[in-house]
Number of protein chains: 2
Amino acid sequence: MLYAVDMSTALPPCPQPEEPLDGTPVLVPFGTGAEEPCLRADAARNRARLLDAAARLVAEHGAAGVTMEAVAAAAKVGKGTVFRRFGDRTGLLMALLDHEEKKFQAAFLSGPAPLGPGAPPVERLRAFGCAALRRAADDLELQLAAEPCPDRRFLVPPRRARYGHVLMLLRQAVPDADCELLAQTLMGYLEPALIHHLTRQCNMPMERLQHGWHDLVARVTAARQPA
Amino acid sequence: MLYAVDMSTALPPCPQPEEPLDGTPVLVPFGTGAEEPCLRADAARNRARLLDAAARLVAEHGAAGVTMEAVAAAAKVGKGTVFRRFGDRTGLLMALLDHEEKKFQAAFLSGPAPLGPGAPPVERLRAFGCAALRRAADDLELQLAAEPCPDRRFLVPPRRARYGHVLMLLRQAVPDADCELLAQTLMGYLEPALIHHLTRQCNMPMERLQHGWHDLVARVTAARQPA
DNA sequence: TTACGATCCGGACCGAGGTCCGTTTAATTT
DNA sequence: AAATTAAACGGACCTCGGTCCGGATCGTAA
C-alpha cells in the first residue's frame, strides 16, 4: 500500500502519528508501519459494500447523489458506520478515487520512463504533468466533489505524494531555485478546479493544456538570462 | 462601483445577463449597466445591518461563528432575508471582503505606479503579486471561509478582475505566449489556501513568498533560451 | 467451548445551510 | 389620499453532514 487514504488508520483506536508538516515533507510514508490495520471481518465487509454502493450511486446520480445516508442505505448499513470508516464525505469520495490514484502514483514512482525513473528530470516533469492532466480529465466530477476544505487540501496523502515527486524532480532540474515554491506553482496548474474551469467553462481543448504545461515547465526550469 | 459582489443584482427580479465565459473574458464589467439596482429603502437598511452584524460576529467568534441564523438574529432580521440579499453564506462572506477588495482593485487599475499604470508591465506584475500577498495575509481566515465551491471559484467577479489584470500585463510582457494559461498559473500562486498552507502550516515567512513571486514572474516572463 | 474485552454497528439526535410561501411594506400611479 | 403592484420580509420546514452511545459482534485466550 502506497499511502493510507481512508480513515481506518486515522481514527481511534489507531490515531495517525503527528507528521512534521513543514516545508520539506517526508516524501511518502512508504511501506512504513501501520499500513493495513487489518480490519475486523465485519468491518472489512462493510467497507467493501460501502465503496461498492458509493460507486453505484456515482454512476447513477453523479457525485451529487452520493449522500452519506443514501450510501448507508444502499449498502444496508447504519449511517454511523459510514462515518466511522471514512471520517467524512470527503474521505469517502477520496477512497473512491484511491485505486486510480495509486496506480498513477506507482507509475511515476516506479513505472517505465519517461514517467517513471530513468529519464532526465525535465522530461519526467513533462510526462508527469500530462499524465496528471489525463487523470484529472477522467472523473473530473468526482475529483471536484472530493476536494477537501481549504486548510486540509495540502495535507492529503495523494497531494503530498505528488508534491514530493515534483519537488524531487525540480531539485534535480533547478538545484539553486526555491523548489518548494516552484513545485507548489506547478501543482497549481494541475488543480482539478482549474482544469474544470479551463476545459468545461472556457472550452479549451486538452491539447492546449498539455502544451501549456510543457511551456510552463520550460519556463520554470530554463537557465536564467544573464540580463 | 467596480463590480457587483452581492446578490442584489444577481437574484430575481434582476437576473445577471449571461456572460460569455470563454477564455478571453470581458475584463471587468466596468461602469457598464445595472450597477446599483437601488434597493428599496428597507432592503438597503437591512443589508447594512446584516453586514454590520456579520462583521461583529467575525470579530467576536471568528469566521466559523458567522452562522446565517446568528447573523440574522444579531441583525434582528429574518433568516430568509439574509439569503435573499446575499444568496448564500459565501456571498455574505464575500460581501464582507468587498470593501477592501475594491480598494485593491482601484489601486492596480488606476492607482499610482508601480502597482497602477505607468510602470513597465513586469514591474507592475511584481507589485501586483506583493500587494495581493499582503491582502491575502490580512484576514486570511475570512478569505478561506469565503472560498466558493470549485465550479464557481473562477467566475467570481473579484477573481475575474484580478485575472484580467494579470492577463493584460502578461500580454504586454510576453506577447507570443499562451497568456491565459500563464495568468492562471500566476493566479494560483496567490490563492489564499496556498498562502495559508505555506505561512501557517509550513511556517514560511512572507518575505520568502514575495521573493518567490519575483522569481516566478522572472521565469515566466523571461526571454526563451535559443536551446 | 466458554468467557471476555476490544471493536464495530445502528439509528436517534443535533446544527446549519438553503427553500418556500403567505404576509407586509415601500414606491408609484390615479 | 387611495389603490395597486412589485419587492421584501420572516420563520416554518426540509435536507444533509456529523456526533453519540447503548447494544451487538468479532477475535482471542483459556
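Every chain is numbered from 1, with letters handed out A, B, ... down the list of sequences.
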note: A/Met68, atom CE; D/dG17, atom P; distance rounded to Å ~ 7 Å
Taking C/dT19, C/dG10, D/dC9 as options, the one with an atom nearest any side-chain atom of A/Val77 is C/dG10
Between A/Lys76 and B/Thr90, the residue closer to the 5' end of DNA chain C by nearest nucleotide is A/Lys76
For A/Glu69 and C/dC9, what is the distance between atoms CD and P respectively, to the nearest whole Å?
18 Å
Provide, to the nearest angstrom, the distance between the NZ atom belonging to A/Lys79 and the C1' atom belonging to C/dC8.
18 Å
To the nearest angstrom, how far is B/Arg47 atom CZ from D/dA7 atom P?
18 Å
Look at the side chain of A/Leu39 and decide which nucleotide, out of C/dC8, D/dA8, D/dG17, has an atom nearest to it.
C/dC8
When the distance from CZ of A/Arg85 to P of D/dG17 is rounded to whole Å, what number comes out?
19 Å
Please find out if less than 6.0 Å separates the ring center of B/Tyr189 from that of A/Tyr189.
no
Taking B/Phe108's backbone N and O only, do any of them form a donor-acceptor pair with B/Arg124's side chain (distance below 3.5 Å, no angle check)?
yes
Kindly indicate whether the side chain of B/Arg40 and the base of D/dA7 share any N or O donor-acceptor pair separated by less than 3.5 Å?
yes
Pick out which of A/His197, A/Arg153, A/His196 makes a side chain to side chain contact (heavy atoms under 4.5 Å, CB included) with A/Glu191.
A/Arg153
Of the candidate nucleotides D/dC26, C/dC9, D/dG17, which contains the atom at the shortest distance from the side chain of A/Ala41?
D/dC26
Tell me: CZ of A/Arg45 to C1' of D/dG27, nearest whole Å?
15 Å
Would one find a side-chain N or O of A/Thr81 under 4.0 angstrom from OP1 or OP2 of C/dG10?
yes
A/Gln201 side chain to B/Asp151 backbone, donor-acceptor under 3.5 Å:
yes
Keeping A/Arg159 on the side-chain end and A/Phe154 on the backbone end, is there a donor-acceptor pair under 3.5 Å?
no
Nearest to the B/Arg84 side chain among C/dG18, D/dA7, D/dG18, which nucleotide is it?
D/dA7
Could you state the atom-to-atom distance from CZ of A/Phe83 to C1' of C/dC13 in whole Å?
13 Å
Once you round it to whole Å, what is the distance between P of D/dT25 and CG of A/Asn46?
12 Å
